Each structure stands twice: as C-alpha cells, then as structure tokens.
Amino acid sequence: MISIDVNGKTVEARKEEMLLSALKRAGFEIPTLCYLEGLTPTGACRMCVVEVEGVPGLVPSCAYPVFNGMKVQTHSKRVMVARKTIVELLLADHPDDCLYCVRNNNCELQTLAATLGVREKVYQGKKNKYKIDASSPSIVRDPSKCILCGRCVRVCEEVQNVSAIDFTGRGSSTVVSTAFDQGLNVSSCINCGQCIMVCPTGALREQSYLKDVINALKDPNLHVVVQHAPAVSVSLAEEFGIKAGTDIDGIMTAALRTLGFAKVFDTSFSADLTIMEEGSELVQRIKTGGKLPMMTSCSPGWIKYVEQFYPDFIDNLSTCKSPQQMLGAVIKSYYAQTNGIDPKKIFSVSVMPCTAKKFEAERPEMGRGAVQDIDAVLTTRELAELIRLYGVDMNGLTTSLPDNPFGQRSTAGKLFGASGGVMEAALRSAYFLLTGTEMAELDIKEVRGMKGVKEAKVKINGLEIGVAVVSGLSNAANLLEQIRAGRNDLHFIEVMTCPGGCIAGGGQPFNANTDAVIARMKGLYKIDKSEPIRVSHKNESVLKLYKEFLGEPLGHKSHELLHTKYAKRQVVQ
Amino acid sequence: MLSTKAQDVLKKFPDAKRDSLIPILQEVQEADGYLSKQAIIEVGRHLKLSASKIYGVATFYNQFRFYKPGKLTIQVCRGTACHVKGSAKILDTIKQELSIDAGQTTKDGLFSLEVVACIGVCGLAPVICIEGEFHANVLPENIKNILDSYRKKVSQDD
Amino acid sequence: MININEPKLNIPLKEKDLSKTYFYLGTGTCGLGAGAGETLKVIKKYIADKKLNAEVLEVGCIGFCTAEPIMEVQLPGKNRLAFKRITHEKVNQVLDGIFNAQPDFDQTLFQMQSASQSQKWNNVPMINEHPFFAPQTRLVLKNCGIIDPTSIEEYATNGGYKAIAKTVSNYTPVEVCDIVEKSGLRGRGGGGFLTGKKWKFAQGTAADQKYLVCNADEGDPGAFMDRAVIEGDPHRLLEGIAIAAYGIGATKAYIYIRAEYPLAIKRLEEAIAQAKSYGLLGENILNSGFELNIIIKKGAGAFVCGEETALIHSIEGKRGMPRPRPPYPAVQGLFNHPTVINNVETLANLPEIIEKGAEFFSAIGTATSKGTKVFALSGKVKNTGLIEVAMGTTIREIIFNVGGGIEHDKKFKGVQMGGPSGGCIPNSHVDIQIDYESLKTVGAMMGSGGMVVMDEDTCMVDVAKFFMDFIQRESCGKCIPCREGTRRMLEILKAITRSHRNETHNQALERFKGIMNLQRLANVIKDTSLCGLGQTAPNPVLSTLRWFRDEYEAHIYERKCPAGVCVELLHYRIDEEKCKGCTLCAKKCPVDAIKGVRKAPHYVIQEKCIGCGNCKQVCPFDAVIVE
C-alpha cells in the first residue's frame, strides 16, 4: 500500500493500481464516460481528469497509475471547467431530443450535463447526422447519439470476441460502425446486446416489439399468452426501485394478468423440459459414442457465434431448442390442441433478459410452416415499460400463480438464469437417468459463481464426466481453441453468451453494477435452496406432458417440436 | 471474386500477423487501384481479423480509397507553404475545370482528384502532382493547359 | 581509448578520375519537380553527341530549392562549378559555354573544390562564401547534394560508416548512451527531450527484444527535411540507426516513412541492401556480434502517427490512435517491448557525434540547445530551401541572410514555426535566437523544422484557420476535446471570416458568443487532450491571437481583412476615374452586382457582391479596387 494526497486528505492506494480505482474506493465522486470496469482503459473521454501536482496537463485518472506521495485535486476550478467544456462539446454534436429518447432519465450524458450545471448551448455548429440502423431484429443503432466512448467496441471485441463493430473513419467523422457501414443484420453481430448495456446514451437500444404486443392485446380475435424467463423475476424489481436480486415472481405474474395476457406461463417449466431432452441426449451421446463434448444450445448469441466462427463445432451443439422455443412449440401444439384453439390465433409473447432471443424467435427453423413458435419477444426493460404504460401499480398487486399446464417448475429450471445453472440442473437429472438414484448432494458448487470459466469432474456410476461452464464468448472461444488443439477430457460444456449468464443479459435493467448481478444470482440460488422440487425430472407437469403428448424424451414428437438443426452461416466477418 | 493480382499479394504474406495489415492493404490497393469489399473481407480472413477491424483501419488512413480511381490521379498539395502561395485557388480551379470534388473521379473516368497534406516540395509551392509527375509553381491560369496536355497524351496512347 | 582492433570497413573507396568530366545533377524530389528529369536527358544526349569522356552523377538536394534544377560541371583539374535553374532548354547553351572556357557567369551559383589541387574559377564565389550557404553549419546535410546517394562507396569515401565501426569496437552500449547524453543532443522531432537520457530508459529495461523506430513520417505541412536527408544521404541515417540500436540494445529497427515519399523509400531500400552486402547490417556486424535488421514501414497518411504511441499502433497494424502514457514506449512500446523512437534528423546527427566526440558537438549551439538544426525554409522568402544552422542563430539571420529577404521586397510579417503544433513569431521578435527554450517564450516551438515565412499579404486569421482545418481533419477522433473542440474552433474562425451577407441575425450573435469562448476552449483542449497533437492543437490560434490580435479585431469589429485574403470580407469598388465603361466586369459578374451603361463608369452594388473577384481579374484598366 502507498499513500496519496487527495484534496488534502490522505488516501491509501494499492501499488500500481490506476488512480481512479483508488479515488472510487475512497469515496470520491469522479465522473466517467469511457471507463468500463475490467476492460482496458483508453483514456478517451477525459471526463475523469484530475490535477496532479507536478504534471503539466490534466491527467485521466482511469489510466494514470498512482505513485507514492502523489498530490491530487479532483475538483479544482481547472478540472471543473475542463469537465463542463467536454460535456458542452459533446452536446454540440448531439441531437437535442432527450424528451423522445429511449434513454431519457436514464442517460449518463444527460446526468453529467445536469450534474455539471450545463444550462446553455455554448457551441452551435454543424452536427453529424447519420442514418439509424434498424436492420437487426435485436439491436438498433443510432450513431447520431454516439459519443464515441468506445465501450461497445471494447465489449464486442474483448468480452465477446466478435468485433462486429469498430471505429471507422477519423477525427470528427469517426463513427462506430460495421464493416462497410452495412446493416447489423448482415454483420457478424450475435445480437447479445452487451453493447446496449454499456452504452452511456441512446445510441444503442433494443429493437422494440412493444407496439406489436400492445396491438395483439387489443385484438379480440387473438389469444395472447406470455412466458417469462428464469432471470426476469429476480431482475424486474430494480426497475421499480426494489432491491436488486429480490424475486417478484408472484407480483410479476399478477401484473402480466392485469395487462391482459390470457395465460401466464413460466419458461422455467420448459427449462425442465429442456433438461429432460438435453440430459437424455447427453446420456445417449456418451453411451453410443456420439459427438462429444456436447455443448448447450440455450443461448442464441452463442449459437450464431458457432455458426459463423466455429462451424466445425456445430455437431457438438445439443440439438435441443432453447426453453423459449420449446415452450413456444408446445403452446402452439399441445396447449392449442387441448384447449381447442387454432394455433394461428395464438399470439405467443415471451419476456426475456435477452436481445438475441428476438433474433432466435425469427429464425425460420423455429416454427412449422406459417406458424412461428414465438410471435414477439420483450426484454425485461420493455416489460417494465409496458407495466408503467398501463399504469399498473406494482405495490398494489397481490401475488398470483402461473397458469397450467406450463406453470409448474423445479428450482433446477429456475437456475437456467445464471451461468452454471444449466449444467447443475443437467447433472442432477443425468445422474438420475444413469443411476436411477438422486445425487446425495444436489449443490454443485464448482459450477456456481461469476467466474468466466468453471470446470469440474463428476463421477457417475464409475464414469468420470468432465464438464466446463463458460460465459462471455471470448472465454468460449478459448475453450474451443483448446479443443481444436486436442483437449479431450470434456464431455459436456455449458456456454452462456453474457458474462455471468442471463441475469446479465442484454435486455436487463440498466445501471446494474457487478454487485447487482451477483444479487440476482443469489436470488436464484435462494429459490433453489428454499423449495422442495429441485430436480427437473420430478416436475409433475413435465412428466404429464410426456405421458399425454410427447411420449418420451428424444422420441418422435420431441424431435419434431423440441429439436432443431444448425448450419454454417455466411456473414460479413 | 478477388482479383488475381490481389490474390498474389496475399500469397506474398503467408502466415502474416496483424502488423502486416497495412502493408498488405497498400499492396492490394496498388494492385487493384482501390480496396474493394471483397478484398477487405479476404484480407481479414487471411489475417484472422474481423472485416469491421480491417475496414476500421483502412478508413483511418488518408491513403486508402474505396472507389475505383480514374486513369490519372491528380494530387493537390495543401501544405502550409502551398497554402500561403495560393493552393486553395488552384484546387478550386481544378474542381471547376473537372466538375468534381476532391475524392471523386470524372465521369469519363480520366481524372481522380485528391488533396494531400504535404508532398514535401515546399520550396516550389504551389505544387500539384499528376501520376507522379510534379508541376511546380502552378498558377490557376495554367491549370487548363496542364490538364489538356494529359488529355492529349491519353488520347494518343489509346 | 582507441581500440587497435577497430575493424576495417571493406568498402572500396571511390576516388574521382581526374581526367574525366563529371556532371552532377540534383535529382531529389524538388529537383525533379523543377524539371531535372528533362535536364538529365539533354545532358546525356550532349555527352553522347560530343563523345565526351564524362560521367553524370545524380545527387540529392543541396537545399537551394529556388535555384533548382542545379547542374554542376567538374572539368578535369577544375573546381566543381554550379549553375542555377538549368531547365532542359538551357543545357546546350550553358554547356557550350563552359566547354569553350566561357561559362555564362549570370547562371553560375557557386564553386567547390573537387580535388586537393583543383583549379578555381574566377568571378564565382566558393560555396562557403555564397550568401545562402555562408551562414549555415552543415553537419546533417554535409553530404546532401554533394555525393551520389546511391553509392555506399562514395559515402565511405567521405568518411561514412567509420562511426559505427568505432561504436561497436570501442564502446559498450552504456558508453554510447553516455556519449550521446553528454553531447547534449535533443530530439529533433519536436519535444526536445535529451536523446541519451531517453535511450537510457530503454537500455535499463530488461527485455528479450527491444526496438528502435526511426520516425520519418514527416507530417507537418511545410516540412521536408527528412525527405531531403534520406534522398540525399540515406547511409547517414542507416549509420545513425545502427549506432542508436547498439546503444539501446535493439536488434530490430523500423523506419516509419510516409508513403508520399517514393523516392526516399527507394533510396533507403537500395542503401539497406548495400549496407547488408558489406556486413554493416544483418548478423554479426563487423564481427562484433552485434545484430541489426532494418525494416521499412510505409505510413498510410495520418498526421497523428507522428505521435509515438500512435506510430506504434500503426506499425502494429492498428488505427493510429494514441494511448495514454505512462507506460512510456521506452519501457513498453512496440509489441509491448521497450522501444526508442527517434526522428530522422536526431539519428542523422549521431555519426558526427561518435566520430568527432561529444565535446565537438556540444561546442556548437547555445547553453541548453546543442548542435545544429535543419529547417525547411519556405513561403514568401526569396531563397526557399533546406538549411542547417547552428542553434542560437537568429530568425533575422535565417530569413534575411540565408533566405535573402522577403519575396518582391514586401514587408515581413512573421514566420510560422513547428507546423500545426507550433506558433508564429512576429516581426517584433525577429531577433530571437533559435533554441528550444527561447522559442517557447514567444509561444512558438522548435517542432520538426518547418519554417514558413509570411509577408504583409498573408492574413494571420486565415493562417490560423488553415491550421485548424488541418488539425481537425487530422485529429484521430479518440479524445473529445481534440475531436470536438478543434472542430468548433474552426467553426468560430470561419464565422469570423464569413461575410454578414451570408448569415442571419442569430448567427451574428453566435459569432460573438463563439469568439468569447475561443480562448477558454483553446485552453481546455490544451489542458485535457490525450496526446501531444491535441495538447498543441490550439497553438496556431493562441499564437496568432497573441501577436496579431489587431488582425482578429479588424475581422471581428470592422469586418475587414487587412491583408485582403479573406474573400468574403473584401469590398469591391470601381474607380470612376479609371473605368472606361467597357462592361466586361458587368458581364463577368455571376450575381449581377455590377451596374452601369456602356462608356460610363460602372458601380458595384455592395449588398449583392459575393466577393468572387472576377471583375478585378477581367478589368483591363485596373479600375477595380479591393478593400
């Protein structure tokens, strides 16, 4: 530890850390724009500049290492003028349409302008005007609102190893764009939406399907049903000022009913269904010498990533559809049949923590003929918007239970929301399928937590199964490279596109720091701890569905409805 | 498809790493006259870099063109010495004479017009350079003659 | 400490055959630009026609651009005699003269000794007596324009590569750093950091690989020192690189050079191949165990790549955007290895320093700035060209002695130094001496050596606007103050020079608001930008504001451009006495702003006039007055 002097106060700092982290730890409020925890500091925005005695210019605290005896001024007049000028300059090239912006009241630039007391248009000049790119089913880009902080570029490259976007051009005509400024839809974008999560302004947002859902709800000829993903109930609370990680499943269900959905189903039910199929598939592959390691297929960003960059691993992917699509498929088949509703009259909505799910729902293989499994995907954020739009008072609702036949779930299904959850649920059931007995200890601690790469060896019937859990696609890419290079001790790999899993998905509430994501994760494990049915193969409704409709896992009907195929994909990469 | 010339360039750089990117782009441009979409994608594959990265690098530097250039490229120097000696008028005159802007090619495909920061012949300002040939101490009234001499040369060659 | 085992260079020396006639022609880029290519053809034809026992040597640029193409003739036993402006049509006549022992002395420039006993010409000054060359001290440019740059033998004959031989056999790397530090050599690329000191950071950092990078990305518009040095004396640079690489312990060196300099690149490629063939590059140089390979990297056109970290990114194949420092390149640079980046002139100084010793070098110059400085003298001065003067020389000596004064004997207004990052020195400070510290006191900087002379017809607001335009186009776009700030500064300057006819009421108000903010904005950009380019970006404005405030005020308050440059602020008027009513101006006016009847004086309707100047151009009677 060394000590530095900040505004006359002595502050402890770790050797070789950047000044900003020391300042933050000591409780100093330093505004930032381009800074992103965990990624390379670029020192681009200059918002975090401070005065350091003996250094001629102002220094960016995010990229300036501390040294012993350093004397720092964080809010001197010089610093304040600089910060304010920077915001004024940004606003001079920003469309003044805050009132119409998706990020109104939730925008870092807006907040900074307010905090720094910008009350006047100081510079009036030419503004860059760019076309909005709405070509992608998941993400909308509006470069006019971009302040070129580069957070999206770094996330896309460093976290996801995709690099669909980069800085193009130079100087004041720099734009964050795709290759040849083409639409995101033809780019190598995997739709994960992590760029949206780090964007400080409204330059990146999800493609909204709210209008379609509202129109459907108004349409008396449509039977509108909704499902919600495991991660949503532990995240939505934040949108309404409730502590991060609080599970508001019952209230959310009540809210969805109030909004007018005919049925409220739980995607965790189909997560259990996925486990039945995927667990069986794993057992079958192991027993019959099928392609190993098997890799999960629940995360649509990951699927597109493999199709584009690692097509030689397509056969390793589980053929199971994701829980969203499985539920969509049984809603428009089993549920439609048993309730005598024409599948074409069903409008099936899903609420997801994810933007890639919007893309997944539109994949041509996700339906039968003109009937798509899912008709509209909303993000957690869009659901909150819908609730506010309809004036539903979340505090005045009494909890409500989801609807049958797809309302019951095990806690294993709920774990799908966090990295390692699919693995844990699958192992619990695979153990049962192979041995006929339950695991003595259901908690598999090695695969839990926020780490990007987790590995474990599990012994079942004398067979040692090697498993790996990765989240964040650069971690996945590393693992694939290891396998390409000959690594062969793995049988089953869970991949989630977003770091930490769906709880940190691209459709989740903004302003969540790592602590909030950890709280969401804890919320899921708390549910797992507190309920009796903890394995998918004991979900009564799932068993009933097999008995009445599907037959058996990997059976003919399952193949038709619950499994799919992937193929090499040509994009501009 | 990638032009054979550009393919040959890639063959010259087997096992190339990222630091070969700019030399490769330079040679591809020399071979094709510009950087086509296909060329950028292929260079990306060759170096295992995303097309957006290659495009990002290429658009950063003044040298790279993304359109097919004319037969003759006119470079107008806009360095300080040339500016002080009236290069703005020279540029305007050429623009008028050819009815194009900097960065464009004439309709007949004969001339492309480029503005360069400094050719480094400041002692002879203002300077323009046509296909590598320098014209020193240029005056606006000489422009037409200079361009005509090239027009004549090309029509003779054809 | 003289090592008796100092390795012998095995380069054959190239003595001139004194019975032969030699022609020397400057065929550097400036020479070619002035027409040396055609001249060369005619000379060769002349030799063939007359069956002369003669050889033509193409040399680099001697630096006297206004006199290009420069042809020198060395008759057997006589001094080299230089002729100025020998375009192709003059060749035969001039050569006839000299071969008939009656050279045309109106065309001669200077003479220089060609052999120890060579005979002088009468009536022609020796090169060191010529007013352009006399005030100069040429170390870096010593060989430029004198020797054949394509011949390593000629370089060796003139003492070349002795310094590297001495270095590898007599000194340890640390000793080399010491000598260079003691010489007082400071970086010639702009910053002026002590070169030996910079080397020591890299020398002292342990690493399995270190790099030396030669920055030849001469991006300043108005500077061509590096190009001329490389074209005229490439081996000097290579020798300097080898010395530096040895000093810091680098085995790989990069020369990052502008792609716009094809001839310089060609010269370097040839020189590297020659040096390799004589064992001066590659493995085990001169049997010392020292290894060095030099790689040429062509820049792709980005001014910001002159900045060290941006240059590194560019070599690595990335967008040339700077990164925050620390870590400094000397510790963590190219491919994350310790890297020293020196500019061409800095490196070209090294052979002299090693050869003649630190004391020789530090005896030249001032207390803090040692040695010489090369400048590219251009603009409104009679003698434009490449010059090298001892540190401490005054601006007045450079402009009025070397430069021969202002073109057309107009009034000197100021000189712009250091390119876009530099500043202007006004007439009132013309006696300031050239050294790093003095220049800073007047808001200018040494920069890389561009020196553009301005006269009374140069508008300083326009000059500031020119530089802001350059900088905002060349800003990399990474940090906000530079990207957005320079753009707004340019807009404010444009507003100052915009005619009120082209703006609405609101814009006039905005113009004043902008002017009020100009200085504050400039200071923030200076204070917060990421790299040196951004931190110095406002200099052209700050410097002109400081010395030429009255010109700004004339533009702002009187809406006039005193130098008559800012077109929109010009007022055209027709002199009734001179106008003959020929109607030519009225016909050529694109906006119908000139009225009048045939054979009677015409007049300009000010509200309509757009200031294009057509009327002035076409008037046969000089009746159009511009104010």
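Reminder, nothing fancy here: chain letters follow the sequence lines and each chain counts from 1. For clarity, every value in this text was computed on a predicted model and none was experimentally measured.
For A:Lys121, the part sitting under 4.5 Å from any heavy atom of chain C is the backbone (N, CA, C, O) and nothing else. The contact between C:Ser529 and chain A is made entirely by backbone atoms, counting heavy-atom distances below 4.5 Å. Residue C:Met321 touches chain A through its side chain alone, counting heavy-atom pairs closer than 4.5 Å. Of the two parts of C:Ala302, the backbone and the side chain both hold a non-hydrogen atom closer than 4.5 Å to a non-hydrogen atom of chain A. Of the two parts of A:Glu120, only the side chain, counted from C-beta on, holds a non-hydrogen atom closer than 4.5 Å to a non-hydrogen atom of chain C. Only the side chain of C:Glu491 comes within contact range of chain A, judged by heavy atoms closer than 4.5 Å.
In this structure, the separation between NZ on C:Lys318 and CZ on A:Phe167 is 14.0 Å, given to the nearest 0.5 Å. Going from atom CZ of C:Arg323 over to atom OG1 of A:Thr42 covers 12.5 Å, rounded to the nearest 0.5 Å. Going from atom CD1 of A:Ile86 over to atom OG1 of C:Thr528 covers 4.5 Å, rounded to the nearest 0.5 Å. Within the model, atoms OH of A:Tyr123 and CD1 of C:Ile492 stand 6.5 Å from one another, a figure rounded to the nearest 0.5 Å. Atom CG of A:Leu148 sits about 11.5 Å away from atom SG of C:Cys479, to the nearest 0.5 Å.
Listed here is the closest heavy atom pair of A:Cys45 and C:Pro481: O-CD, 4.5 Å. The two residues C:Pro326 and A:Pro65 come nearest to each other via the heavy atoms CG-CD, 3.7 Å.
Here the side chain of A:Arg46 pairs no donor or acceptor atom with the backbone of C:Ile480 at under 3.5 angstrom.
Salt bridge A:Asp93/C:Arg487: present, at least one basic N to carboxylate O contact under 4.0 Å. Ion pairing between C:Arg488 and A:Glu88 fails under the 4.0 Å rule for side-chain N and carboxylate O.
Under the 4.5 Å side-chain criterion, counting only non-hydrogen atoms from C-beta, C:Glu474 is in contact with A:Arg170. In this structure, the side chains of C:Asn523 and A:Thr85 stay at 4.5 Å or more apart for every pair of heavy atoms.
Chain A forms more heavy-atom pairs under 4.5 Å with one residue of C:Gln472, C:Arg319, C:Glu484 than with any other, namely C:Arg319.
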